[in-house]
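Scope of the values below: all heavy atoms of this structure, side chains included, with no hydrogens, waters or symmetry mates.
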Amino acid sequence: MKKIVQYFKDSYNELVHKVSWPTRAELSNSAVVVLLASIIIALVVFAVDIVFEHAMRFVYNSI
């Protein structure tokens, strides 16, 4: 039981004193970057899907 209690004490100590937490501004900037990257990737996938859809319709309609 002592090992479990020591584990939680060490974990708390590390989270409070050793981890460098981002500031609110850094967190907001990172969130915006992730959002923009997700939108760009979604648009690229959408465009590729549309191109393949038209290609497949062309191939199957010409047969």
Please round to the nearest 0.5 Å and tell me the distance separating atom [atom1] of [X] and atom [atom2] of [Y].
X: Asn13; Y: Gln6; atom1: CG; atom2: CD; result: 9.5 Å
X: Glu26; Y: Trp21; atom1: CD; atom2: CH2; result: 13.0 Å
X: Glu14; Y: Asp10; atom1: CD; atom2: CG; result: 8.5 Å
X: Ser30; Y: Leu35; atom1: OG; atom2: CG; result: 12.5 Å
X: Ile4; Y: Lys9; atom1: CD1; atom2: NZ; result: 13.0 Å

